[in-house]
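Order of the sequence lines fixes the chain letters, A, B, ..., with proteins taken first and strands second; residue numbering starts at 1 for each chain. Note that this is a predicted model, so its numbers are computed, not measured.
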2 protein chains.
Amino acid sequence: MTRQKRVILEVLRGTKSHPTADWIYEQAKKMIPDLSLGTVYRNLNLLKEMGEIMELNYGSTFSRFDGNPHNHYHFQCRQCGRVFDLDLPIQNKLEKETAEVSGHRIDNHRLEFYGVCRECQASEPKN
Amino acid sequence: MTRQKRVILEVLRGTKSHPTADWIYEQAKKMIPDLSLGTVYRNLNLLKEMGEIMELNYGSTFSRFDGNPHNHYHFQCRQCGRVFDLDLPIQNKLEKETAEVSGHRIDNHRLEFYGVCRECQASEPKN
DNA sequence: ATATCTGCAAATGGTTTGCGGAGGA
DNA sequence: TCCTCCGCAAACCATTTGCAGATAT
């Protein structure tokens with residue numbers, strides 16, 4: 001556990017914003033000024049393998065990262081782009097059902113919702 | 001509707017394999033030898049906007065495409081990498097429940113399962 | 001001591017785009 | 001005709017990687 005890895009994990013654990021690698025890099029640089037972006041990517045991959053963080057890589061050309069390693073679901077606003085955590089309970093029933101019907105062994109699943117977040121709805125024109 | 005777009009759509013409709021842009025390019029080139037890869041990407045994006053196809057872009061550095069534009073779920077084998085369609089009914093209840101709890105407006109959702117497919121299980125060593 | 005990690009900078013690779021010419025409606 | 005699309009090749013850009021020196025244990 002190097003200083004770089006520790007700081008990167010702290011930055012990610014300290015936000016609920018599901019940031020990009022570049023945002024994490026900018027924040028961590030405040031603690032380690034000569035940090036390099038390559039090191040951020042390397043450590044994000046290591047932390048992912050260690051099961052400490054999650055990578056959210058869907059519907060975009062770049063990844064976001066999540067400091068909460070326990071499976072949970074996300075909502076992405078297609079207007080402001082932000083990603084929110086959801087409180088929906090994990091649907092293990094679906095895994096079991098799918099395994100039975102398909103014959104595949106299922107280890108995990110991902111569920112994401114898309115739409116317009118509460119705040120963006122409020123600032124939309126009221127037609 | 002140009003010849004290129006028509007052939008690209010036919011190739012994608014004619015397979016259940018959820019291919020990459022490059023695979024589609026190779027297949028379509030059999031019909032249009034001087035087709036260019038840029039044209040394949042441009043038409044895949046157009047067909048996506050038209051609602052004729054879907055892009056599957058998760059857990060990978062490249063996209064796969066699906067000629068079935070109606071929402072359905074997928075299973076990806078982490079051993080052979082193949083993507084399979086699932087017969088699981090669409091869980092509209094989850095959208096409604098999530099909208100009520102979170103206050104966001106939800107338009108659609110995506111659900112993917114990961115594990116080891118039936119065939120890869122059969123060829124695994126029996127420890 | 002030594003295996004691992006770092007900063008740097010160049011490479012990678014899927015995807016996008018600017019251009020001038022061709023083709024569909 | 002006119003607008004859209006094409007092939008080509010270069011550009012883009014998030015991510016990865018080779019290297020030589022530094023650091024963790």
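Between the B:Q76 side chain and the B:F113 main chain, no donor and acceptor come within less than 3.5 Å of each other. For the pair A:Q79 (side chain) and A:C117 (backbone), a donor-acceptor distance under 3.5 Å is absent. In terms of modelled atom types and a separation under 3.5 Å, the side chain of A:S123 and the main chain of A:C120 share a donor-acceptor contact. A donor-acceptor pair is defined here as one N or O able to donate and one able to accept, closer than 3.5 Å; no such pair exists between the side chain of B:R105 and the backbone of A:G115. Using a distance-only test at 3.5 Å, with no hydrogens or angles considered, a donor-acceptor pair links the side chain of B:R118 to the main chain of A:S102.
The interatomic distance linking B:L35 (CG) with C:dA22 (C1') rounds to 15 Å, in whole Å. For the pair B:Y25 OH and D:dG7 C1', the computed distance is 10 Å after rounding to whole Å. The nearest whole Å value for the distance from the CD atom in B:E26 to the P atom in C:dG14 is 12 Å. One interatomic measurement links the two molecules: CD of B:E49 to P of C:dT16, which rounds to 11 Å at whole-angstrom precision. For the pair B:K5 NZ and C:dA25 P, the computed distance is 10 Å after rounding to whole Å. When rounded to the nearest whole Å, the span between CG of A:D34 and P of C:dC5 equals 18 Å. Atoms CD1 (B:I32) and C1' (D:dC8) sit 16 Å apart, rounded to a whole Å. For B:K48 and C:dT15, the NZ to C1' distance is 11 Å, given to the nearest whole Å.
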Under 4.0 Å protein heavy-atom contact, by nucleotide of nucleotides 9-24 of chain D - B base, S sugar-phosphate only: -----SBBBB-----S
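For the pair B:Y25 and B:L37, the tightest heavy-atom approach, listed with the atom from each and the gap, is CE1-N, 3.5 Å.
The shortest distance between the side-chain N/O atoms of B:N43 and the OP1/OP2 oxygens of D:dC6 is below 4.0 Å.
The bend of the helix from C:dA1-D:dT25 to C:dA25-D:dT1, defined by the angle between the axes of its first five and last five pairs, stands at 50° to the nearest 10°.
The distance from the CD atom of B:E97 to the CD1 atom of B:I106 is 10.0 Å, given to the nearest 0.5 Å.
Using the six-membered ring where Trp is involved, A:H18 and A:H74 have ring planes that are perpendicular, over 60° apart on the 30 and 60° scheme.
By the side-chain contact (heavy atoms from CB on, under 4.5 Å) test, B:R110 pairs with A:Y58, A:E112, A:Y114, B:N57, B:Y58, B:E112, sequence neighbours left out.
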